[in-house]
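Remarks on the structure that follows.
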Amino acid sequence: QVQLVESGGGLVQAGGSLTLFCTASGVTFTRYTMAWFRQVPGKEREFVATISHRSGRTYYASSVEGRFTISRDNAKSTVKLQMNNLKPEDAAVYFCAASSTIILSQLRSPSAYGYWGQGTQVTVSS
């Protein structure tokens with residue numbers, strides 16, 4: 001059974017940093033492209049970042065480029081999202097997602113990911 005568990009969310013002041021973690025179980029982690037999405041009430045789930053399973057190539061939403069960094073530790077089946085210089089508009093529930101069959105054109109689409117975590121809340125005070 002595939003399970004993704006996020007951790008590391010919390011409250012931070014604008015300009016501060018947070019690190020999110022997602023630990024996977026029940027999967028051969030090295031076969032999965034991993035991603036982070038976020039969602040605020042009343043809005044669609046939004047792509048944040050993704051990291052491929054083979055090359056470790058990363059892709060980011062333009063709104064977080066240069067401030068967020070996604071990385072993975074295959075030995076620990078963990079993906080990390082380092083978030084720096086946080087802004088109030090970054091506040092959301094952040095979700096970890098995994099896909100073993102994704103292609104390049106689908107990387108930013110939530111529907112391309114078959115497995116999801118429960119989410120972790122990030123709150124940014126101004």
Side-chain angles (χ1 to χ4, degrees):
Q1 181 179 357
V2 178
Q3 189 172 16
L4 303 177
V5 179
E6 302 98 335
S7 61
L11 172 65
V12 64
Q13 287 189 332
S17 298
L18 274 178
T19 304
L20 303 184
F21 295 92
C22 172
T23 300
S25 60
V27 297
T28 304
F29 188 71
T30 52
R31 295 181 181 176
Y32 285 76
T33 291
M34 302 299 296
W36 288 97
F37 287 77
R38 65 188 182 187
Q39 190 170 24
V40 298
K43 292 191 176 182
E44 293 185 352
R45 195 161 293 188
E46 175 190 24
F47 169 77
V48 175
T50 189
I51 184 165
S52 69
H53 66 293
R54 290 184 177 181
S55 65
R57 186 168 179 177
T58 58
Y59 301 85
Y60 297 93
S62 57
S63 58
V64 307
E65 184 91 49
R67 300 188 296 121
F68 290 13
T69 302
I70 187 172
S71 60
R72 63 191 296 158
D73 184 337
N74 288 336
K76 296 182 179 179
S77 297
T78 299
V79 61
K80 182 173 77 172
L81 184 69
Q82 177 66 47
M83 306 185 294
N84 298 327
N85 190 22
L86 282 159
K87 303 177 181 181
E89 53 264 39
D90 293 319
V93 177
Y94 282 70
F95 296 90
C96 176
S99 175
S100 63
T101 59
I102 203 166
I103 60 176
L104 185 61
S105 62
Q106 298 174 328
L107 285 175
R108 300 169 189 267
S109 173
S111 63
Y113 294 84
Y115 302 103
W116 293 86
Q118 291 300 306
T120 186
Q121 178 71 50
V122 171
T123 304
V124 184
S125 63
S126 57

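Keep in mind that what you see is a predicted model, and the values were worked out from it rather than measured. For the numbers below, each heavy atom of this structure counts, side chains included, while hydrogens, waters and symmetry mates do not. We number each residue from 1, following the sequence as shown.
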Kindly indicate whether the side chain of Val27, heavy atoms from C-beta on, has any atom under 4.5 Å from the side chain of Gln3. no
Report yes if the side chains of Leu18 and Leu86 come closer than 4.5 Å at any heavy-atom pair, otherwise no. yes
Give me the atom names and distance for the closest heavy-atom approach of Ala92 to Gln121. O-NE2, 3.4 Å
Answer yes or no: is there a side-chain heavy-atom contact under 4.5 Å between Trp36 and Leu20? yes
Over all heavy atoms of both residues, which pair between Gly26 and Val2 is shortest? Give the atoms and the distance, please. O-CG2, 3.8 Å
Quick check for you: to the nearest 0.5 Å, what is the distance between Lys80 atom NZ and Cys96 atom SG? 14.0 Å
Nearest heavy-atom pair of Ala112 and Ser99: which atoms, and what distance? O-OG, 3.1 Å
Mind checking whether Phe68 and Tyr94 have parallel, tilted or perpendicular rings, split at 30° and 60°? tilted
For Thr120 and Ser7, indicate whether the former's side chain and the latter's backbone hold a donor-acceptor pair under 3.5 Å. no
Give a yes or no on whether Tyr115 and Val48 share a hydrophobic cluster (residues Ile, Leu, Val, Met, Phe, Trp, Tyr; joining criterion: side-chain heavy atoms under 4.5 Å apart). yes
Stepwise, does the side chain to side chain contact (heavy atoms under 4.5 Å, CB included) test hold for Val79 with Phe21? CA-CA 6 Å; Val79 61; Phe21 295 92; over 6 Å; no
Would you indicate whether the side-chain heavy atoms of Tyr59 and Ile70 approach each other to under 4.5 Å? no
Single-linkage hydrophobic cluster Ile102~Leu81, side-chain heavy atoms < 4.5 angstrom: no
Distance-minimising heavy-atom pair for Glu6 and Gln118: OE1-N, 3.0 Å
Can Arg72 and Asn74 be said to form a side chain to side chain contact (heavy atoms under 4.5 Å, CB included), step by step? CA-CA 6 Å; Arg72 63 191 296 158; Asn74 288 336; 2.8 Å; yes
If you define the side chain from C-beta out and look only at heavy atoms, does anything of Phe29 sit under 4.5 Å from Lys76? no
Taking the side chain as C-beta and beyond, is there a heavy-atom pair between Leu4 and Thr23 under 4.5 Å? no
Could you tell me if the side chain of Ser125 sits less than 4.5 Å from the side chain of Val12, heavy atoms only? no
Is Arg45 close enough and on-axis enough to Phe95, meaning under 6.0 Å and within 45°, for cation-pi? yes
Quick check against the 3.5 Å criterion: does Thr33 have a side-chain atom that pairs as donor or acceptor with the backbone of Ser52? no
Please name all residues satisfying salt bridge (charged side-chain N to carboxylate O under 4.0 Å, His left out) with Arg57, sequence neighbours left out, ordered by chain then number. none
Roughly how far apart are Thr58 OG1 and Leu107 CG, rounded to 0.5 Å? 11.0 Å
State, without any angle test, whether Ser17 and Asn84 hold a side-chain donor-acceptor pair at a distance under 3.5 Å. yes
Ring pair (Phe, Tyr, Trp, His ring centres under 6.0 Å) evaluation trace for Phe37 with Tyr113: CA-CA 11 Å; Phe37 287 77; Tyr113 294 84; 5.3 Å; yes
Side chain to side chain contact (heavy atoms under 4.5 Å, CB included) between His53 and Thr30: does it pass, once the steps are laid out? CA-CA 6 Å; His53 66 293; Thr30 52; 5.9 Å; no
Is Met83 linked to Val124 within one hydrophobic cluster, defined over Ile, Leu, Val, Met, Phe, Trp and Tyr using a side-chain heavy-atom separation of less than 4.5 Å? yes
Checking Gln82 against Thr19: is there a side-chain donor and acceptor pair closer than 3.5 Å? yes
Taking only residues two or more places apart in sequence or in another chain, which ones pass salt bridge (charged side-chain N to carboxylate O under 4.0 Å, His left out) with Glu46? Arg38
Over all heavy atoms of both residues, which pair between Gly56 and Ile51 is shortest? Give the atoms and the distance, please. O-CG1, 3.5 Å
I'd like to know whether CD of Glu44 has more than 12 heavy-atom contacts from other residues, nucleotides or ligands below 6.0 angstrom. no
Do Phe47 and Pro110 have side chains that get closer than 4.5 Å, going by heavy atoms? no
